[in-house]
Trainee: 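Have a look at this one.
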Amino acid sequence: MPEKDISHALYHEMGHAHNFNKSSVLKFLQKCRPVSMFLPALIALYGAFSRKSKPKDGEELTSAQKTNNFIRDNAGKLSFVATIPMLVEEAAATIKGQKWAKEFLTPDLAKKVLKGNSIAFGSYLLTAASLVFASWTAVKIKDKLIAKKEQKQFELQKKGIQA
């Protein structure tokens, strides 16, 4: 740990070590962290590069088309769910670290640790919110672009019939 700047992070990092060594659930959540960061980005990309499936000529949607629509319609929610393992493990490390800081440090230093931990956890929440917003926005933008293109095609067809 550095001697200056973020030395208060020691307690939070000890919380991570405790999670890894003393809890199989939190250890599993730590190992899920790469997925928690990668999956929401994949959901956003999927939403940006896919179309909502529509039934053709009265046919019912296939299960793949229904899955496609479910992912697109719930991209923001699914992105949030994907970040939950990271948020839970980080919160557990922060809470444990803060408990130890209160136990072993003066109240003034413990407040500094709390402030640093709060800012750090806030950055994780901001990351999760950004991923959720990116997923939701990607789908909305794609849908608007497709609607605009379909409207233009409809108008061209209408003009072709009238001419």
Trainee: If I take atom CZ from residue Arg33 and atom CE from residue Met37, how far apart are they, to the nearest 0.5 angstrom?
Mentor: 6.5 Å
Trainee: Within the structure provided, determine whether Gln98 and Tyr11 are in side-chain contact (heavy-atom separation under 4.5 Å).
Mentor: no
Trainee: Counting only heavy atoms from other residues, nucleotides and ligands, does the tally under 6.0 Å from NZ of Lys142 exceed 12?
Mentor: yes
Trainee: Closest heavy-atom contact between Ala101 and Val113?
Mentor: CB-CG1, 3.8 Å
Trainee: Provide the closest heavy-atom pair for Ser50 versus Ile146 in the form atom of the first, atom of the second, distance.
Mentor: O-CD1, 4.5 Å
Trainee: Name the one of His12, Lys99, His16, Glu89 that satisfies side chain to side chain donor-acceptor pair (under 3.5 Å) with Thr94?
Mentor: His12
Trainee: Identify the two heavy atoms, one from Ala110 and one from Leu105, that lie closest to each other, and give their separation to 0.1 Å.
Mentor: N-CB, 4.2 Å
Trainee: Okay, side chain of Thr83, backbone of Phe80: is any donor-acceptor separation there less than 3.5 Å?
Mentor: yes
Trainee: Can you list the other members of the hydrophobic cluster that holds Trp136, where links are side-chain heavy atoms under 4.5 angstrom apart?
Mentor: Phe133
Trainee: Main chain of Lys27, side chain of Asn19: is a donor-acceptor contact present, judged purely on distance under 3.5 Å?
Mentor: no
Trainee: Any link between Leu10 and Trp100 through a network of hydrophobic side chains (Ile, Leu, Val, Met, Phe, Trp, Tyr) touching at under 4.5 Å?
Mentor: yes
Trainee: Do Phe121 and Leu26 sit in one hydrophobic cluster, given that two such residues count as connected whenever their side-chain heavy atoms are within less than 4.5 Å of each other, even indirectly?
Mentor: yes
Trainee: Side chains of Tyr46 and Asn68: closer than 4.5 Å at any heavy-atom pair?
Mentor: yes
Trainee: Honestly curious: do Phe49 and Leu145 fall in one hydrophobic cluster under the side-chain, below-4.5 Å linking rule?
Mentor: no
Trainee: Shortest non-hydrogen contact from Pro85 to Ala82?
Mentor: CD-O, 3.4 Å
Trainee: Same cluster for Ile71 and Leu39 if Ile/Leu/Val/Met/Phe/Trp/Tyr side chains link at under 4.5 Å?
Mentor: yes
Trainee: To the nearest 0.5 Å, tell me how far Leu42 CG sits from Leu78 CG.
Mentor: 12.5 Å
Trainee: Under a 4.0 Å threshold between the charged nitrogen and the carboxylate oxygen, would Glu150 count as salt-bridged to Lys54?
Mentor: yes
Trainee: Identify whether the distance between the nearest side-chain nitrogen and carboxylate oxygen of Glu60 and Lys66 falls below 4.0 Å.
Mentor: yes
Trainee: Do the side chains of Cys32 and Phe28 get nearer than 4.5 Å, heavy atoms only?
Mentor: yes
Trainee: Roughly how far apart are Asn69 CG and Asn74 CG, rounded to 0.5 Å?
Mentor: 10.0 Å
Trainee: Establish, from distance only, whether the side-chain atoms of Gln151 and Glu155 form a donor-acceptor pair under 3.5 Å.
Mentor: yes
Trainee: Are Leu87 and Val132 co-members of a hydrophobic cluster defined by side-chain heavy atoms under 4.5 Å apart?
Mentor: yes
Trainee: For residues Ala44 and Ala138, report the shortest heavy-atom separation together with the two atoms involved.
Mentor: O-CB, 3.4 Å
Trainee: What are the two closest heavy atoms between Ile43 and Ser135, and how far apart are they?
Mentor: CG2-OG, 4.1 Å
Trainee: To the nearest 0.5 Å, what is the distance between OG (Ser36) and CE (Met86)?
Mentor: 6.0 Å
Trainee: Is it true that Arg51 and Asp143 make a salt bridge, defined as a side-chain N closer than 4.0 Å to a carboxylate O?
Mentor: no
Trainee: Between Glu90 and Leu125, is any pair of side-chain heavy atoms under 4.5 Å apart?
Mentor: no
